[in-house]
Amino acid sequence: MNQSLKIQLGTIILVLALWEVLGRSGLILREIFPPFSEVMTSLVELLASNDMWLHIIVSAYEIGWGFAIGCALALLVGAPLGTSDYLYRLFDPLFYYLGAIPKIILLPIFILTLGVGVESKIGIAALSAFFPIAVNTALAVREVKPIFVRAARSLGASRGQIYSKIYLPSTFGAVLSGMRLGLGVAITGALLAETSVAQAGLGFRAIEFYAQFRVAEMYALIFLIFIFALLLNAALARLIQWTNRYQIGGDGRAPFS
Amino acid sequence: MKRRKAPPLYLARLLLVLTLLILLELAIRIGLINRFFVVLPSELIPQVLRDLVDREFLTLVGITFYETAAAFLFASVVGVGIGYLLWRSRRLGVAYEPLIAGLFASPIILLYPIFLVIFGRTPLAIIAQGAIFGVLPVILFTRQAFAGVSPTLLKVAASMNLSTRDRFRYILLPAAAPTIFTGLRLGLTYILIGVVAMEYIVQIGGLGKLVAETSLRLSTDELYSGITLVVAISVLFIYLTQRVENAVRR
């Protein structure tokens with residue numbers, strides 16, 4: 001076992017042990033801060049219950065569609081921006097500032113126009129995912145060496161061929177990194193929106209537990225969400241690492257893998 | 001990114017935004033967009049200006065500003081500090097980076113009930129939540145920034161016999177600054193999400209609470225005015241970070 005792994009496991013065990021001891025000590029009300037073992041028991045019960053899967057499916061549906069729509073729009077907008085120096089410089093500051101706005105504040109508008117159901121959450125997720133992906137795509141396309149494009153053009157490549165043979169392979173890694181950030185904010189956006197107004201979903205269920213003072217179950221649910229997010233993130237990091245090896249000019253590293 | 005912008009580009013950008021606003025105005029006036037959902041830009045601007053001189057309203061702006069600034073200050077100082085330490089100790093850095101990256105990828109903001117329980121329904125709960133949400137990217141990017149400083153530069157510093165402090169101030173910091181500021185901006189974005197979202201959902205504090213209340217009252221004018229001011233605060237913070245970055249890099 002290597003040293004990093006030892007430190008990681010040690011830290012995780014220490015944190016969980018501290019959680020367990022603090023929870024049992026009675027220093028903090030048990031109703032507010034239940035020990036880890038109690039949370040795990042609740043987690044098992046949660047996973048065994050039927051309605052849990054409904055909430056997982058609803059959240060996955062919202063995040064999936066939101067992310068897909070956000071990705072599609074971001075690629076459609078980001079790629080052309082990267083190919084034109086003027087457009088890039090025109091739009092870059094706008095995107096830069098708009099990207100930092102907390103999208104959740106637009107939820108009331110989404111609710112007014114799309115209703116309180118899954119559609120408004122898809123809207124928030126799509127809008128959240130859009131900016132990091134569009135910005136990364138534009139930047140990646142912009143950084144493609146012009147010599148590659150000129151070489152392809154002089155060899156008689158069509159516009160479509162230039163996109164598929166030059167831009168796609170040289171930008172894939174950076175676009176995926178944008179998608180990783182985009183997926184993160186899409187998950188946060190959708191689940192947050194659920195905690196505000198919803199009829200189903202993991203965020204909705206968590207806040208329902210909170211309102212019913214079923215704190216152990218709430219922690220268990222959030223724990224579950226964290227595990228899902230971690231697995232998704234790890235999978236995307238692997239994918240980035242893997243594609244980097246085949247990328248033109250890639251260096252085979254994923255940031256923070 | 002090019003930092004110098006030719007004036008025509010500014011003008012073009014302004015024209016672009018104005019055109020969009022006029023198109024929106026027209027779309028609402030001819031009934032393409034329902035007036036009930038979207039406020040006329042020509043009515044929104046006077047509303048924002050009216051709100052900006054309203055003391056009650058200004059207090060809300062101030063609260064949101066204060067919460068964001070406090071959380072950002074904490075995240076910057078603590079984040080850069082921990083990031084630096086994780087770079088100095090390679091062993092710990094390599095071990096903790098994946099753990100922090102994993103946390104960063106998780107929707108930490110869902111933990112807000114915990115902060116409410118610990119700090120009560122106060123601005124402190126919002127600041128704590130925002131700070132923890134925002135500190136992670138700062139740590140990650142700071143460590144990466146120092147790790148990415150070219151060994152040649154460090155050799156130059158050694159050959160010039162620079163003191164530890166001078167080495168830090170004149171070699172390490174300027175070389176690492178761009179990446180650190182990328183992290184700070186990302187942290188700021190997350191803090192804004194955390195602060196505004198928590199205000200909005202729990203209905204405490206400043207503008208987020210206002211937006212939540214006005215949307216429940218279906219008072220569209222005030223709702224859009226509140227949203228506009230959230231946008232303004234975000235833009236202001238990003239702009240200020242940019243100014244600080246320019247100053248440090250010089």
Side-chain angles (χ1 to χ4, degrees), chain A residues 3-8 11-12 28-29 32-33 86 89-94 96-109 111-113 139 180-181 183-185 187-189 191-192 195-196 202-203 206-207 210 215 218-219 222 225-227 229-230 232-234 237 255-257, chain B residues 1-2 5 9 12-13 16-17 34 36-38 91-92 94-114 117-118 140 144 185-186 188-189 192-197 200-201 207-208 211-212 214-215 218 220 223-224 226-227 230-231 234-235 237-239:
Chain A
Q3 204 169 21
S4 286
L5 202 60
K6 269 187 216 161
I7 299 177
Q8 286 169 3
T11 308
I12 293 173
I28 314 174
L29 268 180
I32 293 169
F33 198 79
Y86 184 77
R89 281 165 51 201
L90 181 64
F91 279 97
D92 181 58
L94 292 176
Y96 179 70
Y97 283 113
L98 287 179
I101 297 165
K103 313 295 174 306
I104 190 76
I105 204 66
L106 301 176
L107 183 63
I109 301 179
I111 290 176
L112 277 174
T113 48
L139 196 65
R180 191 164 153 208
L181 274 178
L183 183 61
V185 282
I187 293 175
T188 304
L191 295 183
L192 262 182
T195 64
S196 178
L202 292 171
I207 216 63
Y210 176 65
V215 179
M218 181 192 81
Y219 283 113
I222 294 175
I225 295 171
F226 272 40
I227 299 286
L230 277 179
L232 262 178
N233 188 55
F256 320 129
S257 42
Chain B
M1 192 182 9
K2 288 245 165 66
K5 298 163 199 129
L9 214 52
R13 223 172 271 141
L16 181 79
V17 174
N34 193 332
F36 182 68
F37 297 147
V38 186
R91 239 189 321 163
L92 290 184
V94 171
Y96 280 121
E97 185 172 75
L99 291 183
I100 298 172
L103 266 184
F104 177 44
S106 314
I108 297 186
I109 192 160
L110 287 179
L111 293 174
Y112 72 80
I114 301 180
V117 159
I118 299 174
L140 290 172
Q144 211 203 20
R185 267 196 301 272
L186 205 56
L188 183 60
T189 311
L192 282 166
I193 295 179
V195 166
V196 172
Y200 172 72
I201 291 169
L207 289 170
V211 168
T214 50
S215 73
L218 288 176
T220 326
L223 169 66
Y224 275 81
I227 293 175
V230 171
V231 171
S234 316
V235 169
F237 267 105
I238 292 285
Y239 175 77

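In what follows, every heavy atom counts, from backbone to side chain, and hydrogens, waters and symmetry copies are set aside. Chain identifiers are assigned alphabetically (A, B, ...) following the order of the sequence lines, protein sequences preceding nucleic acid strands; residue numbering begins at 1 within each chain.
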*Kindly determine whether L111(B) and F226(A) satisfy side-chain contact (heavy atoms from CB on, under 4.5 Å), including the steps that lead there.*
CA-CA 10 Å; L111(B) 293 174; F226(A) 272 40; 3.9 Å; yes
Interatomic spacing from [atom1] in [X] to [atom2] in [Y] - rounded to 0.5 Å:
X	Y	atom1	atom2	result
I222(A)	I109(B)	CD1	CD1	11.5 Å
T189(B)	I101(A)	OG1	CD1	10.5 Å
I193(B)	I105(A)	CD1	CD1	11.5 Å

*asked:* If you count heavy-atom pairs within less than 4.5 Å of chain B, which of V185(A), I109(A), I187(A), T113(A) leads?
replied: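 Ranked by contacts with chain B, first place is I109(A).
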*Residue pair S215(B), I111(A): steps toward the side-chain contact (heavy atoms from CB on, under 4.5 Å) verdict*: CA-CA 9 Å; S215(B) 73; I111(A) 290 176; over 6 Å; no
_Does any part of the side chain of T195(A), heavy atoms only, come nearer than 4.5 Å to the side chain of Y112(B), both counted from C-beta?_
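SC-SC contact between Y112(B) and T195(A) confirmed.
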*Which residues pass the ring pair (Phe, Tyr, Trp, His ring centres under 6.0 Å) test with Y210(A), sequence neighbours left out?*
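Applying ring pair (Phe, Tyr, Trp, His ring centres under 6.0 Å) to Y210(A) gives none.
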*Stepwise, does the side-chain contact (heavy atoms from CB on, under 4.5 Å) test hold for S234(B) with Y97(A)?*
CA-CA 8 Å; S234(B) 316; Y97(A) 283 113; over 6 Å; no
_Check: R185(B) side chain, A100(A) main-chain N or O, donor-acceptor pair, under 3.5 Å_ =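 Such a contact is absent between R185(B) side chain and A100(A) backbone.
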_Set of residues satisfying side chain to side chain donor-acceptor pair (under 3.5 Å) with respect to Y96(B), sequence neighbours excluded_ =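 Y96(B) satisfies side chain to side chain donor-acceptor pair (under 3.5 Å) with T11(A) only.
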If every non-hydrogen atom of [X] is compared with every non-hydrogen atom of [Y], which pair is closest and at what distance?
X	Y	answer
A101(B)	N233(A)	O-ND2, 4.1 Å
R91(B)	I7(A)	O-CD1, 4.1 Å
Q8(A)	P98(B)	NE2-CG, 3.4 Å

_If I measure from the heavy atoms of chain B, does I207(A) come under 4.5 Å with its side chain, its backbone, both, or neither?_
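Only the side chain of I207(A) comes within 4.5 Å of chain B.
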*Considering only heavy atoms, which portion of I227(A) lies under 4.5 Å from any heavy atom of chain B: side chain, backbone, both, or neither?*
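Contact with chain B is absent: no heavy atom of I227(A) under 4.5 Å.
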_Contacting region of I108(B) [heavy-atom separation from chain A under 4.5 Å]_ =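 I108(B) touches chain A through backbone and side-chain heavy atoms alike.
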*Pair I12(A)-L99(B), side-chain contact (heavy atoms from CB on, under 4.5 Å): steps then yes or no*: CA-CA 9 Å; I12(A) 293 173; L99(B) 291 183; 3.9 Å; yes
